[in-house]
Amino acid sequence: MKLRFRESTLFLYALGISLIAFISNSIRSIIFPSLINGIVGFTLGRKKLPQKLLVSLLLLNVWGAFLNGLYFHNFGEVIISTQVVVIREGVIESFLLVSLRFFLVVGATLLMLGLTNMRDLIKSLERDLRISPGIAFTITYAFRLFPLLSKDLSEVYISRRERGFSSMILNPRNLKSILLPLLNLSYERAVWGGISAELRGLSMRRIREGKSLSVGDLAIFCALILQWVLALTQLS
Amino acid sequence: MRTTKFTSIDLALLAVTGVVSGVIFTATWTLYNVSEALAGPVGARVISYGLWFIGAPLAASLIKKPFSAFLGELIGSLVETLIAPAGGITNVIYGFTQGLASELGYMIFRYGRWDVFSGAVAGALAGIPAVALDALLFGVIGGPIEMGLWFLAACVSGAIYGAVASSVGLSIRR
C-alpha cells in the first residue's frame with residue numbers, strides 16, 4: 001500500500017527537523033536525527049538532484065565545518081600539531097557537531113525535495129498552509145524563469161571571460177557588472193509575464209479547499225515529534 | 001505611505017529578483033568558504049556576507065512598495081533552498097529574519113526613500129540577524145570584541161552590497 005501525504009506536511013517536517021539543529025548543543029542530542037535524515041535524504045535526493053551536486057554539497061559542508069572548528073573552537077588538548085596548524089580537541093568536537101547539523105538540515109531538505117516535485121509542493125503550500133495566491137504565483141514563476149535566467153547568466157559569464165574578467169563575484173563592481181545585464185534582460189520579460197498573468201485572471205484566483213490529513217501525514221508528524229523528543233531528552 | 005497591494009507585474013518582478021538572488025546566494029557558499037580560509041572570519045564576512053543580503057534592496061528598489069524587501073529576501077532564500085540546498089531549509093529561516101531586518105531599513109524612512117542610502121541601511125541591518133543565527137546554528141560565538149567585529153563586518157558588507165544592488169535596481173527602473 002502506498003502512503004499518501006500532503007506535500008506541505010513534508011515542508012513542515014523539514015522545517016521542524018531543521019529547528020532541532022538550532023537547539024542541539026551536543027553530539028549525543030543530534031546524532032540520531034542526523035543519521036536518519038541524512039541517510040534517507042541523500043538516498044532520496046539522488047533521484048532528483050545530480051550526483052555531482054550532492055557530492056559537492058557534502059564536501060562544501062565538511063570543509064565549512066572544519067574551518068568553523070579551526071577558527072572558533074580551537075581549544076583543549078592538542079591532537080595534531082604541524083608547523084602550519086595546531087588542531088585541538090575542541091576542533092574535532094565542533095567539526096562533528098556542525099557536520100551533523102549540516103547533515104540534518106540538508107538531509108531533511110533533500111528528503112522533502114526527493115518525495116515531492118516543485119509544482120505540487122507550491123500548490124500544497126497554497127492549498128494547505130494558505131500562503132497567498134500572489135506569493136504562490138511568484139514562486140512558480142521564479143522556477144519557470146530559472147532555466148531562462150541560467151542561460152542568460154552563462155552568456156554573461158562567456159562574454160566576461162572573453163573580455164578577460166573573472167566569472168566569480170569577488171567585489172561589488174563584479175556584482176554590478178553581472179546584475180545589470182541579467183536584470184536588464186529579465187525586466188521586460190517580467191513586465192510582459194505579469195501582464196499576461198493578469199489577463200489570465202491572476203487577481204481573481206481563489207484558494208482551493210485543503211486536503212484533510214491522511215495516515216501518511218500523521219506518520220510524518222509522529223516521526224517529527226519522536227525526533228524532537230529524542231533530541232530534547234539528550235540535551236546537555 | 002504607498003499601497004501594499006502587489007500587482008501582477010510586481011509579483012513577476014519579485015520572481016525575477018528571487019531567481020537572481022537565489023543563484024547569487026548559492027554561489028556565495030563557495031566564495032564564503034574560500035574567503036574564510038584565506039582572509040579569516042572577519043575578512044570572509046566583509047567579502048561575502050553582503051551578497052546574501054542583496055535580495056531585499058534589489059526587490060525594494062525595483063518594486064518600491066512596503067514588504068517588497070522582505071519578500072525579495074525570503075523568495076531568494078527559498079529559491080536557493082530548492083535549487084541547491086547547501087544550507088538546507090535553514091536558508092529560509094535566515095531569509096525570513098534577514099528580510100524582516102531589511103524591511104525595517106525601509107520602514108524607518110516611512111517607505112518614502114528607495115534610494116541607494118536606504119538600500120545600504122537595509123543591507124546593513126540584515127547583518128544583525130545573520131550573525132545572531134550563526135551563533136545559534138554554528139556556535140560562532142566569541143568574546144565581546146570578536147562578536148562586535150563580526151557584526152560590524154557583516155553590516156559593512158551588507159551596506160556595500162545593498163547600495164550596489166539598489167543602484168542596479170534604480171538604474172533599471174528609472
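Order of the sequence lines fixes the chain letters, A, B, ..., with proteins taken first and strands second; residue numbering starts at 1 for each chain.
A:F137 CZ to B:F6 CZ: the interatomic distance, rounded to the nearest 0.5 Å, is 13.5 Å. For the atom pair CD1 (A:I122) and CG (B:L78), the distance works out to 7.5 Å, reported to the nearest 0.5 Å. With values rounded to the nearest 0.5 angstrom, A:T138 atom OG1 is found 7.5 Å from B:L71 atom CG.
Atom CH2 of A:W228 is surrounded by more than 12 heavy atoms from other residues, nucleotides or ligands within 6.0 Å. Within 6.0 Å of CZ on A:R173 lie no more than 12 heavy atoms contributed by other residues, nucleotides or ligands. Atom NZ of A:K151 has 12 or fewer neighbouring heavy atoms from other residues, nucleotides or ligands inside a 6.0 Å radius. Remark: A:F165 CZ is loosely packed, at most 12 non-hydrogen atoms of other residues, nucleotides or ligands lying under 6.0 Å away.
Nearest approach of A:A142 to B:A15, heavy atoms of both residues: N-CB, 3.6 Å.
Top candidate by heavy-atom pairs under 4.5 Å with chain B, chosen from A:L202, A:L183, A:L182, is A:L183. With chain A as partner, the option from B:T17, B:I24, B:D134, B:D10 having the largest number of non-hydrogen pairs under 4.5 angstrom is B:I24. Contacts with chain B were tallied for A:L148, A:I135, A:L60, A:L149; A:L60 has the most, counting heavy-atom pairs under 4.5 Å. Taking B:L74, B:I172, B:L136 one by one and counting their heavy-atom pairs under 4.5 Å with chain A, the maximum is reached by B:I172. For the options A:S186, A:S18, A:P172, heavy-atom pairs under 4.5 Å to chain B are most numerous at A:P172. With chain A as the partner, the residue from B:S167, B:S8, B:A27, B:A165 showing the most heavy-atom pairs under 4.5 Å is B:S8.
Contact residues of residues 151-158 of chain B toward chain A are absent (heavy-atom distance under 4.5 Å). Close approach to chain A, defined as a heavy atom under 4.5 Å from one of its heavy atoms, is seen in B:I47, B:L51, B:I54 of residues 47-55 of chain B, taken by number. Contacts between residues 29-42 of chain B and chain A, counted as heavy-atom pairs separated by less than 4.5 Å, involve B:W29, B:T30, B:L31, B:N33, B:E36, B:A37, B:G40, B:P41.
Of the two parts of A:F102, only the side chain, counted from C-beta on, holds a non-hydrogen atom closer than 4.5 Å to a non-hydrogen atom of chain B. Heavy-atom distances place the side chain of A:Y71, and not its backbone, under 4.5 Å from chain B. With a threshold of 4.5 angstrom between heavy atoms, B:V23 approaches chain A through side-chain atoms but not through N, CA, C or O. With a 4.5 Å cut-off on non-hydrogen atoms, A:L153 touches chain B through its side chain but not through its backbone. Contact annotation for B:I160: only side-chain heavy atoms (C-beta onward) come within less than 4.5 Å of a heavy atom of chain A. Contact annotation for A:L180: both backbone and side-chain heavy atoms come within less than 4.5 Å of a heavy atom of chain B. Heavy-atom distances place both the backbone and the side chain of B:V16 under 4.5 Å from chain A. At a 4.5 Å heavy-atom cutoff, the contact between B:L14 and chain A is made by backbone and side-chain atoms alike. The parts of A:A21 that come within reach of chain B are both its backbone and its side chain, each placing non-hydrogen atoms under 4.5 angstrom from that chain. In this structure, chain B has no heavy atom under 4.5 Å from any part of A:L70. Only the side chain of A:V98 comes within contact range of chain B, with heavy atoms under 4.5 Å apart.
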Practice item. Report the C-alpha distance between B:I93 and A:F22 in whole Å, list the side-chain angles of each, state the deciding distance to 0.1 Å, and finish with yes or no for side chain to side chain contact (heavy atoms under 4.5 Å, CB included). Key: CA-CA 11 Å; B:I93 299 169; A:F22 282 93; 3.8 Å; yes
Practice item. Applying side chain to side chain contact (heavy atoms under 4.5 Å, CB included), run through B:I83 and A:M118 and close with a yes or a no. Key: CA-CA 10 Å; B:I83 56 173; A:M118 219 71 79; over 6 Å; no
Check your understanding: After noting the C-alpha distance and the side-chain angles of A:F11 and B:I89, does the key distance pass the side chain to side chain contact (heavy atoms under 4.5 Å, CB included) rule?
Key -> CA-CA 9 Å; A:F11 178 80; B:I89 215 157; 3.7 Å; yes
Practice item. Would you please test B:L58 and A:L179 for side chain to side chain contact (heavy atoms under 4.5 Å, CB included) and show each step? Key: CA-CA 10 Å; B:L58 200 59; A:L179 275 184; 4.2 Å; yes
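The salt bridge (charged side-chain N to carboxylate O under 4.0 Å, His left out) check on A:R189 picks up A:D152, with sequence neighbours excluded.
Looking at B:L11 and A:Y141, their side chains never come closer than 4.5 Å, going by heavy atoms from C-beta outward. Put simply, the side chain of B:L13 reaches to within 4.5 Å of the side chain of A:Y187, judged on heavy atoms.
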